[in-house]
Amino acid sequence: MIVQGNLITITLTTRSLISDTSAMKFLALRASIFNIWNVTQNAPLDLSRHGTAWKTNVTNTFKFQRRLPCQTCGKSFDRPSLLKRHLRTHTGEKPHGCAICGKMFSTSSSLNTHVRIHTGERPHECPMCGKRFTASSNLYYHRMTHYKEKPHKCDKCGRSFPTPGDLRAHGYSHTGNWPLRCSICNRGFCKFGALHHHMKSHGNSNTLTI
């Protein structure tokens, strides 16, 4: 397909029309193109930007037509790979495993972030205080701590926190159901890093209780 000004030219070789299946695909493609043309033909031409606005409309229309719905919850995606990754939230599939500790993850990006816990790599640095993080999402929530806004409020005591993680960690102080505990003094923690640092006060950094 060649788009030139207000003219759409479809070029097909004789070979592409040999079978009925190819012919049907051609008719479907032609109908799709004319549908897009009907949607965008009234849009003003942006000659100063070489028709950028028109191209954007065509791209968005193609994306709209390519929506792939999840059969379980109805959420839609524009790429098969995104739909496949989303389906794992329903199936619980976790095909990516850490070679160091064996923990499994649903996506390779989550695994890569996790591996940094073992390697010590922290590529995301806060521009305000210099603190570094393994994931960009952790940096995002950390930066909120530099501002006064604390939108996450505890429904038990009313105390407010800047991030959902801080509120969740605070919640353990009410329930006592800490996910991690010191095997020596039984003090509770919600993060491995905090427990590991605490164990050093006992002169032991290897004993962890989950």
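Values below: all heavy atoms of this structure, side chains included; hydrogens, waters and symmetry mates excluded. Position 1 is the first residue of the sequence; numbering continues from there.
With contacts defined as side-chain heavy-atom distances shorter than 4.5 Å, the pair His152/Ser160 does not qualify. Proximity of Cys126 to His146: side-chain heavy atoms (C-beta onward) are separated by under 4.5 Å at one or more points. You'll find the side chain of Lys75 reaches within 4.5 Å of the side chain of His86, heavy atoms only. At a threshold of 4.5 Å between non-hydrogen side-chain atoms, the residues Met199 and Ser183 count as touching. For the pair Cys129/His142, a side-chain contact is recorded, criterion being any heavy-atom separation below 4.5 Å from C-beta on. When side chains are defined from C-beta on, Ser106 does not count as touching Thr89, because their heavy atoms never get closer than 4.5 Å. Residues Pro80 and Leu68 are in side-chain contact: their nearest non-hydrogen atoms beyond the backbone lie under 4.5 Å apart. At a threshold of 4.5 Å between non-hydrogen side-chain atoms, the residues Asn138 and His124 do not count as touching.
Atom-to-atom distance recorded for Leu83:CG and Gln71:CD is 8.5 Å, nearest 0.5 angstrom. Between the CZ atom in Arg122 and the CZ atom in Phe133 there is a gap of 8.0 Å [rounded to 0.5 Å]. One distance of note links CE of Met104 with NZ of Lys94; it measures 9.0 Å at 0.5 Å rounding. With values rounded to the nearest 0.5 angstrom, Thr134 atom OG1 is found 11.0 Å from His118 atom NE2.
Counting heavy-atom neighbours within 6.0 Å of His197 NE2, excluding the residue itself, gives a total of 12 or less. Other residues, nucleotides and ligands contribute only 12 or fewer heavy atoms inside 6.0 Å of the CZ atom of Arg143. Other residues, nucleotides and ligands contribute over 12 non-hydrogen atoms within 6.0 Å of the CZ atom of Arg132.
When all heavy atoms are compared, the tightest approach of Leu195 to Phe189 is CD1-CD1, 3.6 Å. When all heavy atoms of Pro69 and Gly74 are compared, the closest pair comes out as CB-O, 4.4 Å. Closest of all the heavy-atom pairs between Cys182 and His198 is SG-NE2, 3.5 Å. Gly188 approaches Trp178 most closely through the heavy-atom pair CA-CG, 3.5 Å. In terms of heavy-atom proximity, His202 sits nearest to Cys185 at NE2-SG, 3.6 Å. The minimum heavy-atom distance linking Phe77 with Leu82 is given by the pair CD2-CB, 3.9 Å.
Evaluated for a side-chain contact (heavy atoms from CB on, under 4.5 Å) with Phe161, the options Lys153, Arg168, Lys150, His170 yield exactly one hit, His170.
Arg181 places no side-chain N or O within 3.5 Å of a backbone atom of Arg187 that could act as its donor or acceptor partner. Judged purely by atom type and a 3.5 angstrom limit, Arg159 has no side-chain atom pairing as donor or acceptor with the backbone of Cys154.
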Would you please test Ser110 and Thr107 for side-chain hydrogen bond (donor to acceptor under 3.5 Å, both in side chains) and show each step? CA-CA 5 Å; Ser110 296; Thr107 66; 2.8 Å; yes
